[in-house]
Every structure is written in structure tokens, then in C-alpha cells.
Number of protein chains: 2
Amino acid sequence: MAKGRPREFDTEEALDKAIIVFWRKGYRGTSLDDLTEAMEINRPSLYAAFVDKERLFLSAIDRYRSKFLAPPTKKLINASSLREGLPEFLKGMGAVILNDETPPGCMIACLLSEECCDSAAIKGKLLDSIALADSTFQPIFEKHKAELAPGIDPATAARLLTTALHGMAIRARAGGGKRDLVRISSGLVRALLCG
Amino acid sequence: MAKGRPREFDTEEALDKAIIVFWRKGYRGTSLDDLTEAMEINRPSLYAAFVDKERLFLSAIDRYRSKFLAPPTKKLINASSLREGLPEFLKGMGAVILNDETPPGCMIACLLSEECCDSAAIKGKLLDSIALADSTFQPIFEKHKAELAPGIDPATAARLLTTALHGMAIRARAGGGKRDLVRISSGLVRALLCG
DNA sequence: GCAATAATGTACTGACTGGTATATAATAGA
DNA sequence: TCTATTATATACCAGTCAGTACATTATTGC
């Protein structure tokens, strides 16, 4: 097996560190020096493991999705009702986009949207993330259709939820407080669910 | 009056051209060469008229707000009911963030949110824009409070509207179609207004 | 121990960045 | 016409960027 000198770092740990840098400084705002310092590896190792800056960024986005966004989403999928599951989900997502451990905002909403007009790969990742969110939420709303406010169909509810999350991420990025996010979350629940 | 050689360009026209470049490529993605080419002025003229790149960007944001965002908003303020005014407003904003003449998305939602962790001035502009939107919408919802869905107070409705607009801008930026924006707009109206 | 292989560390490259120095041209007032 | 003032045009600067060449070190298979 594995010939040659063994890698001295763990690629997932390095990717986790890259996430934090990109998350705070953005794609263009992050330099290779920023990355190598944070990841504690040198340039050739970075290029050997992650191809180039854009591929590293896209890998970081993928890992960000599974590490930060997937867990609250899974709990929503498994919730027995929207009335219980939706507020908990929004609380979980609120904790992702605003907390003391990680930079404010959402990598997808706040970072991809600026960069996406320049790179087809980044634009594809953003469109794909939105489509994934919509198509994850829609069957959940189908399942609990009876709880939806009259006039709100599951497909529309799913898109409204995705859209509101992106807007909340921007607000967190701007420095908006937890209180505002909570108000928006609970307002959204009241707007989407019946009585 | 005006001593010295007269300026050979109109500053507002030049700013309008700068808006388009920044809107498409973002703050960091736009170079001085991009700007001077689009604005059809040379570097020293740009610096004499707009101080530096960041100040030019902030000026472009201000003009973008008054040129693109203010007109639909004024119509909403003057509308006689939410039932009529809100769909028209959303249609107008949809036309701003997605049309054939200008780049997709919103300069505030899509551009400021990436950059804002690096520059206090840009972060301030984003937070200020959000606060302005909230405080513009809130009295409108107060005025037509009777039209709001039960359980949705004016302050919350205002924040939900601002938040949804930002999310819609991101969707447009990603390449989402007009159809999706229309669906989200009409869903939002149904969610916010009563019966 | 001896190749072959692959990661590491250093130093480098050409391209591009935002910003400016210098010289020239055009105006107003005298 | 002369001077003061301001815009324009060209060329330039130091710094930074993403990416890489090269020499070295550590491992596997023989």
C-alpha cells in the first residue's frame, strides 16, 4: 500500500481549518498565505492534496454543507410535526449562522453569491445548493401538509424557507443580533403554519 | 467660477457605469483597469473624482439604492392597500434583481455580505441598508395593519419582507428563473396577508 | 542497503494589484 | 498674453497574487 513519504496532516482537519478562513474572508479575500498558515501546511502540500484554490474552496463548501447544514436538516426530516420541528430547525440554523465559534453568516448565501458571476463552477455550486435545499424541504412540507397555512402549498413553502434562511444569513453577516433572527424565525413559523 | 480645465466626463454617468461593473464582478473581482475601461476615464481622473476604490464602491452602492431600489419602494409607500401594493412592489424588485439589462442579483445582498467582514465601512453600509429597509417597511405595515395575517405584527412583517428580498436576490444571482421569483413573491404575499 | 515513490520546505516566477509621479493640455481671471 | 488652477495622459511603482521548480526527507518493496 501507500508508497512514498506519508502525509503529515489530516486532509479533513486541514479542510476544516480552510473553511473557517474562507468563511470569514471570502474566496477572493483569502490568500494562499492565509490558507497555508491556517491549515499549517505548506503550498506544495496544499496543491498536492486540493489541486488549486478554487477546488479547495469548492471542497470546503461541500464539507461545510455536510458538517454544519446537514445536522439541523436531519432533525427536521425526522421531526414528527412542523409545529415542533420547524422552530427547532430554525434555531439550529440560527446557531450556525451566528455564534461565537465561527464567522457570522452562511458560506453559501454570503460567499457564493458574489463570486458566482465569474466562475461557472461556483455558480453551479450555488444553484445546486439552492435546488438541494428546496427539494429537501418540499417533501417535509408534503408530509405535514395539514399543518401549512391555507394557500401555501408545499413547493412554495419549501422555497420560502430556503429564501428566508439566505436572508437571515445576510442579516447575521451584517452584524444583526440573535434577537432579530429569533423574531424572523418565529414570524416565519407563524406565516407558514396554520393557526 | 470653476477654475482650471473642465472635467470631460459626467460623474453620475461614470458612476452608473461603475455600478454595472461592480454589480457583475463584485468589489474584489473588479480591478481598476475594469473600472477605467467601463467608465471611459483614466486612473488619475477616477481618483480625483472618487478618492479611491472603496469610496467609489460605496458611492456606487448609494447611487444603486436611489436609482434601482427607491422607485419600487416609493410606489409601495404610496399604495392604498397591501393587497395591491405588495405584489406590485415585489414585481418591481424582481425586475431589478433579474432582467436583461443589468447583472442578476442585488448589490447589497450579494456583494456586501461577502466583503463586509473585512471592511468596517462596507459592513456599516450593509447593516444600514438592512435597517433602512426594515424601518421603511414597518410603518407601511402599521398603516395597513388590518390586512396582515393574524399573528404577524408590522415589525415582524417588515423584517420578513427584507429577509425574503435578500434571499430572492441570491436566487436570482445563482441563475434561478423568473418563475421561481414569482412563485416566492406570491407565496410571501399569501403568507403575510390575511385570507 | 538500494531503488522507487511521494510528501515537505524554500525560494522563486511572471502577472496583476491599487495607487501615484510627472508632464501636458485646457480653462478663468488679470 | 501671462499666471494660476485643474483635468488628462502616460508611465511607472512597490506589493501581492496564484502557482511551481528544485532540492530534501521519509516511507515501501525488493
Side-chain angles (χ1 to χ4, degrees), chain A residues 1-15 17-19 21-22 24-61 111-112 114-122 125, chain B residues 1-15 17-19 21-61 111-112 114-122:
Chain A
M1 44 187 91
K3 266 190 185 176
R5 181 172 176 172
R7 187 171 273 153
E8 293 181 4
F9 63 94
D10 180 86
T11 53
E12 288 213 326
E13 280 178 23
L15 202 49
K17 291 169 185 167
I19 287 176
V21 186
F22 278 129
R24 171 152 37 227
K25 310 187 77 165
Y27 175 65
R28 281 203 151 87
T30 300
S31 71
L32 263 292
D33 283 341
D34 292 333
L35 289 167
T36 54
E37 188 189 357
M39 300 165 81
E40 294 175 289
I41 62 179
N42 50 38
R43 245 164 227 244
S45 298
L46 188 155
Y47 277 82
F50 301 104
V51 184
D52 61 17
K53 190 189 176 187
E54 180 170 303
R55 298 280 288 274
L56 170 60
F57 180 63
L58 293 171
S59 299
I61 295 289
L111 306 188
L112 296 184
E114 167 158 1
E115 231 64 55
C116 76
C117 276
D118 246 33
S119 156
I122 292 180
K125 183 69 73 182
Chain B
M1 46 187 88
K3 266 190 186 177
R5 182 172 177 173
R7 188 172 272 154
E8 292 180 5
F9 62 95
D10 181 87
T11 53
E12 288 213 328
E13 281 178 22
L15 203 49
K17 291 169 184 167
I19 286 175
V21 186
F22 278 131
W23 195 343
R24 172 151 39 227
K25 310 187 74 166
Y27 175 66
R28 282 206 151 86
T30 300
S31 71
L32 264 293
D33 283 341
D34 292 333
L35 289 167
T36 53
E37 188 190 358
M39 299 165 82
E40 295 176 287
I41 63 179
N42 49 39
R43 249 164 222 242
S45 298
L46 187 154
Y47 277 83
F50 303 103
V51 185
D52 62 16
K53 190 188 176 188
E54 180 169 304
R55 297 281 288 274
L56 170 59
F57 180 64
L58 294 170
S59 299
I61 294 288
L111 306 189
L112 296 185
E114 167 157 3
E115 231 65 54
C116 76
C117 277
D118 246 34
S119 156
I122 292 181

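To find a chain, count down the sequence lines: A is the first, B the second, and so on, and within it residues start at 1. If you're wondering where the values come from, they're calculated on a predicted model, not measured in any experiment.
- The B:Phe9 side chain lies nearest to D:dT8 when the options are C:dA28, D:dT27, D:dT8.
- In this model, a side-chain donor or acceptor of A:Arg5 finds a partner on the base of D:dT25 within 3.5 Å.
- In B:Glu54, the CD atom is crowded: over 12 heavy atoms of neighbouring residues, nucleotides or ligands sit closer than 6.0 Å.
- Looking at B:Asp118 and A:Arg24, no side-chain N of the basic residue comes within less than 4.0 Å of a carboxylate O on the acidic one, giving no salt bridge.
- In this structure, A:Asp118 atom CG and D:dA18 atom P are separated by 14 Å, rounded to whole Å.
- Residue B:Glu8 contributes atom CD, which lies 5 Å from atom P of D:dT8 at whole-angstrom precision.
- One finds the NZ atom of A:Lys53 at 7.0 Å from the OG atom of A:Ser31 (value rounded to the nearest 0.5 Å).
- Tested against A:Leu56, the residues A:Leu32, A:Val51, A:Leu35 include a single side-chain contact (heavy atoms from CB on, under 4.5 Å) partner, A:Leu35.
- With rounding to whole Å, B:Arg7 atom CZ is found 6 Å from D:dA7 atom P.
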Strictly under 3.5 Å: I want the nitrogen or oxygen pairs between protein and nucleotides 16-20 of chain C, one per line.
residue : atom : partner : partner atom : Å
C:dG18  : OP1  : B:Thr30 : O            : 3.2
C:dG18  : OP1  : B:Lys53 : NZ           : 2.7
C:dG18  : OP2  : B:Leu32 : N            : 2.8
C:dG18  : N7   : B:Arg43 : NH1          : 3.1
C:dG19  : OP2  : B:Tyr47 : OH           : 2.7
C:dG19  : OP2  : B:Lys53 : N            : 3.2
C:dG19  : O5'  : B:Tyr47 : OH           : 3.2
C:dG19  : N7   : B:Arg43 : NH1          : 2.5
C:dG19  : O6   : B:Arg43 : NH1          : 2.8

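- One interatomic measurement links the two molecules: CD of B:Glu37 to C1' of D:dA9, which rounds to 17 Å at whole-angstrom precision.
- Under a 3.5 Å cut-off, the side chain of B:Ser119 and the backbone N or O of B:Cys116 do not form any donor-acceptor pair.
- For the pair A:Lys3 NZ and C:dC2 P, the computed distance is 18 Å after rounding to whole Å.
- Atom pair B:Ile41:CD1 and D:dT10:C1' shows a separation of 16 Å (rounding to whole Å applied).
- Using a distance-only test at 3.5 Å, with no hydrogens or angles considered, no donor-acceptor pair links the side chain of B:Ser45 to the main chain of B:Ile41.
- An OP1 or OP2 oxygen of D:dT8 is reached within less than 4.0 angstrom by a side-chain nitrogen or oxygen of B:Ser45.
- Put simply, CG on B:Asn42 is 14 Å from C1' on D:dC12, counting in whole angstrom units.
- Residue A:Phe50 contributes atom CZ, which lies 15 Å from atom P of D:dG19 at whole-angstrom precision.
- When atom types are taken as modelled, the side chain of A:Glu40 and the backbone of A:Phe9 share no donor-acceptor pair closer than 3.5 angstrom.
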